[in-house]
2 protein chains.
Amino acid sequence: MELQIADIATLIGEPVRAKILWALLDGRAYTATELALFADASPQNASIHLSKLVKADFLEVATQGRHRYYRFSNQNVAYAIEALANLIPDKKAVSKPADEKHGIKYCRTCYDHLAGKVGVLINEALITKGITVQSENNYRVSDAGVEWFLRMGIDVDLLKDERRFFAKPCLDWSERRYHIAGALGAAILQRMLLLDWVRKTKNSRTVLITNKGKNELYENLGIEV
Amino acid sequence: MELQIADIATLIGEPVRAKILWALLDGRAYTATELALFADASPQNASIHLSKLVKADFLEVATQGRHRYYRFSNQNVAYAIEALANLIPDKKAVSKPADEKHGIKYCRTCYDHLAGKVGVLINEALITKGITVQSENNYRVSDAGVEWFLRMGIDVDLLKDERRFFAKPCLDWSERRYHIAGALGAAILQRMLLLDWVRKTKNSRTVLITNKGKNELYENLGIEV
DNA sequence: TTCATACTTAAGCCAGTACTTAAGTGTCTG
DNA sequence: CAGACACTTAAGTACTGGCTTAAGTATGAA
């Protein structure tokens, strides 16, 4: 009996699984990839954890095409998580799983570049640091900026050869401020995807930021996300 | 946030700690030694676990002389444990922490020998196996029995030299059946304590049986405790 | 049919943590 | 006061269990 409780608690006690369960507390169903992002875990690792949670009847899974949607299999699981949350010493910082840090307003793609709050922050940080300079209705990259982008793995000169416009401000509907559209904006997003700073989600335009991404954005641009 | 939940669940998820918490669910306070026995852990190990539980504010401790009494520091802990218990797949076998397996009627000392249900069972098993033989108002040990006791680390011949009576039936008030009193009974208890099959508790006459003890009693005497 | 995506499974490496042995502190008993 | 007892702390060992790399299946798109 007490050993079964230990098993159950152990199942919840693993950080990645705890994050997954926390993300699912809103009662919705999420795909394995989305949950891996929430938990900042590799897809393989998340998959293993999810299968354990399903086996323990914490979660149930519904396959839709190539997606697998996971959700709580009964509300007792949610109760248990909340009972555990009640044991957290200082309760002042308790906040329900918020869309704010994950929602479409926070970080999304706009056509092929980054938008949302994070897109805007990046744009403004680049200007503040003198990496990009606004002139009339477009951006250009300073000499120091060319260096900076090279270190990031982006060859600005190559981008200029593309037929499309290089970089111009794009008004962000959610922020009412500007982010970077054009070849440069697309290159930044591509690079961030490649470096696993952000990852795309299924059919949504929402983009999720990995822990690595958070750290790197802070290191390289002083942005706190 | 979700990480704090993971920490809390991890704390409950360790088998020894889970057993301790389960034992404390009756709301009473127990000494470190008693809890070590409940959890079938060494005193040192239990002590470490207890200090962790206190540090996390799951338990509070009150020192009384050389005893330290542990109990839940608030009822949220009990709620959380029960919420976890609700997640146990098949609930038919759920039983509240019972005194039956731990109480004074189950296993205790009677002066310096073993009494209670376990004392009676041992006595009867020894007779059934022909290790001891009842004659009039005392027990004697058969030739095969002398061998058996030697394997157990008890030299019967040495016991006979003691001034006190060797072995006689002692009516057990709780069982209304007999257990073994006298030098032999005392030697059995001493040996069982030494081998860590049973352990004494504080000021109580109650004796608790370790998992090792349970196994050995089954192996050597076919007793299921 | 070929490629990309979504997800799972297998195998080996690595780290955190429980448990053991050993030693130390404080308390009660004879 | 000596000795037993209740409990804690420290140090070293061992093992469970998570994470990574790698490979495989199935679905959908081109």
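Labels below follow one simple rule: chain letters A, B, ... track the order of the sequence lines, proteins then strands, and each chain is numbered from 1. The shown structure was predicted, so the numbers you read here are calculated from the model rather than taken from an experiment.
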My understanding is that only residues two or more places apart in sequence, or in another chain, count here; which of them pass salt bridge (Lys or Arg N to Asp or Glu O under 4.0 Å) with B/Asp57?
none
Which whole-number value in Å describes the distance from B/Leu50 CG to D/dT9 P?
11 Å
B/Gln44 versus B/Ser47, side-chain donor and acceptor atoms under 3.5 Å:
no
Determine, using ring centers only, whether B/Phe38 and B/Tyr30 are less than 6.0 Å apart.
yes
Determine whether a donor-acceptor pair (N or O, by modelled atom type, separation under 3.5 Å) exists between the side chain of A/Thr10 and the backbone of B/Gly13.
yes
Under 4.0 Å between a side-chain N/O of A/Tyr30 and OP1 or OP2 of C/dA6, yes or no?
no
What string of B, S and - do you get for nucleotides 18-30 of chain D 5' to 3' if you count protein non-hydrogen atoms under 4.0 Å?
SSBBB----BS--
Nearest-Å distance for atom pair NZ/P, residues B/Lys55 and D/dT8:
15 Å
Whole-Å gap separating P (C/dT5) and CG (A/Leu37)
14 Å
Given atom OH of B/Tyr69 and atom P of C/dT27, what is their separation to the nearest angstrom?
15 Å
Separation of atom CG in B/Asp40 from atom P in C/dA18, rounded to whole Å
17 Å
Euclidean distance, atom CZ of residue A/Arg68 to atom C1' of C/dT9 [Å, nearest integer]
12 Å
Aromatic ring centroids of B/Phe72 and B/Phe58 under 6.0 Å?
no
Residues passing the side chain to side chain contact (heavy atoms under 4.5 Å, CB included) test with B/Arg191, sequence neighbours excluded, are B/Ile154, B/Leu194, B/Leu195
Starting at atom CZ of B/Arg199, determine the distance to atom C1' of D/dA6, rounded to an integer number of angstrom.
13 Å
